[in-house]
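We name chains A, B, ... by the order of the sequence lines, and we start the count at 1 in each one.
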Amino acid sequence: MDELTSRARRLYRRLLKQYPDATCELDYETPFQLAVATVLSAQCTDKRVNMVTPVLFARYPDAEALADALIGDVEEIIKSTGFFRNKAKSITGLAMAVVARHEGTLPSTMAELFELPGVGRKTANVILGNAFKTNEGVVVDTHIGRLSNRLGLTKQTDPVKVEQALIALFPRKHWTMLAHLLIWHGRRTCAARKPKCAECVVADLCPSAVEFR
DNA sequence: ATCCCGAGGG
DNA sequence: CCCTCTGGAT
């Protein structure tokens, strides 16, 4: 095992010890609801998403209901998540596609998920890892891209290449938890703007830590 | 590369 | 004011 890989494994164990309960923080009951919540989470905090989905899912609990929704009603409910016109179009289009192509049940493969409107690789990986527990890839969002670079796990910035780097560094069974750990750490300690290196549990393993002291 | 487009923090 | 928040489509 090379040096980078062993350092990556140490990072993982250290973060797991600090965040043993790290998990997806979006609220949902079904895979379809997770898909909708994940689309809404683009450029928006999950806390904000969790404020609108109870209203959204109460009125439109499944794909059939959301497919028949008036776009203006959906826009009004999700407005506070930002990009609301695009997101309303995405989630109603997503619902219509799930009804038309998959009899109202969200599919469980990367290929089928990726074909759905508004669902990119990141969203598909969130659904596969959390709702279906089949790690086909690694979620790479803004936090994971930022931390992967700061921690020296890759110098790539393209999300697909970051994902490839993480896939090569960590065993598949850890991919979903890895994403949760990096997201939690990114929120709590390794924030985009003002990282708290002084209180970071992996600062000694991080090539960027000195820059922030 | 650019657009979408709201809320909260610093 | 500026930056950031679990991106995707054009």
Within [range]: residues closer than 4.0 Å to DNA chain C (heavy atoms):
| range | value |
| --- | --- |
| residues 30-57 of chain A | A/Ser41, A/Ala42, A/Gln43, A/Cys44, A/Thr45, A/Asp46 |
| residues 59-70 of chain A | none |
| residues 91-102 of chain A | none |
| residues 123-142 of chain A | A/Thr123, A/Val126, A/Val139, A/Asp141, A/Thr142 |

I'd like the [atom1] distance from [M] over to [N], given in whole Å.
| N | M | atom1 | result |
| --- | --- | --- | --- |
| C/dT4 | B/dC4 | C1' | 16 Å |
| C/dG8 | B/dA7 | P | 22 Å |
| C/dC3 | B/dC5 | C1' | 15 Å |

Residues in side chain to side chain contact (heavy atoms under 4.5 Å, CB included) contact with [X], at least two apart in sequence or another chain:
| X | result |
| --- | --- |
| A/Arg59 | A/Val55, A/Ile77 |
| A/Ala65 | A/Tyr60, A/Pro61, A/Asp62 |
| A/Pro107 | A/His102, A/Glu112, A/Leu113, A/Leu116 |

Under 3.5 Å, which N/O atoms of the protein pair with N/O atoms of nucleotides 1-3 of chain B?
none

Problem - Aro-ring/base stack A/Phe83-B/dC5, d under 5.5 Å, angle under 30° - result: no

List, one per line, each side-chain donor-acceptor pair under 3.5 Å for residues 16-24 of chain A, sequence neighbours excluded.
from, atom 1, to, atom 2, distance (Å)
A/Tyr19, OH, A/His185, ND1, 2.8

Handout entry: Residue-phosphate contact under 4.0 Å: A/Arg146 side-chain N/O, C/dC5 OP1/OP2
Key = yes

Practice task
Give a yes/no on whether any side-chain N or O of A/Arg187 is located under 4.0 angstrom from OP1 or OP2 of C/dT6.
Solution key: yes

Problem - Pairing residues for A/Arg48 by the side-chain hydrogen bond (donor to acceptor under 3.5 Å, both in side chains) criterion, not counting sequence neighbours - result: none

Practice task
Not counting sequence neighbours, which residues clear side-chain hydrogen bond (donor to acceptor under 3.5 Å, both in side chains) with A/Thr157? List them please.
Solution key: none

Problem - Donor-acceptor pair under 3.5 Å, A/Arg85 side chain vs B/dC4 base - result: no

Exercise for the section: Find out whether A/Pro195 and A/Arg146 are in side-chain contact, i.e. whether some heavy atom of one side chain is under 4.5 Å from a heavy atom of the other. Expected result: no

Problem - pair A/Leu66-A/Phe32: side-chain heavy atoms closer than 4.5 Å - result: yes

Fill in the blank from the handout: A/Glu163 atom CD is separated from C/dT6 atom C1', nearest whole Å, by 14 Å

Handout entry: Closest to the A/Cys24 side chain, choosing from B/dG6, C/dT6, C/dT4
Key = C/dT6

Fill in the blank from the handout: Residue pairs passing the side chain to side chain donor-acceptor pair (under 3.5 Å) test with at least one member in residues 116-137 of chain A, sequence neighbours excluded, are A/Arg121-A/Glu163, A/Asn125-A/Glu163, A/Asn130-A/His180, A/Asn135-A/Thr176

Practice task
Please work out if A/Lys87 contacts a base, only the sugar-phosphate, or nothing of the nucleic acid, heavy-atom cut-off 4.0 Å.
Solution key: nothing

Practice task
For A/Pro159, answer base if it contacts any base atom (sugar-phosphate contacts may also be present), sugar-phosphate if it contacts only those atoms, and nothing otherwise; contact means non-hydrogen atoms under 4.0 Å.
Solution key: nothing

Problem - Chi angles and distances behind the side chain to side chain contact (heavy atoms under 4.5 Å, CB included) call for A/Leu56, A/Ile91 - result: CA-CA 11 Å; A/Leu56 186 68; A/Ile91 62 176; 4.1 Å; yes

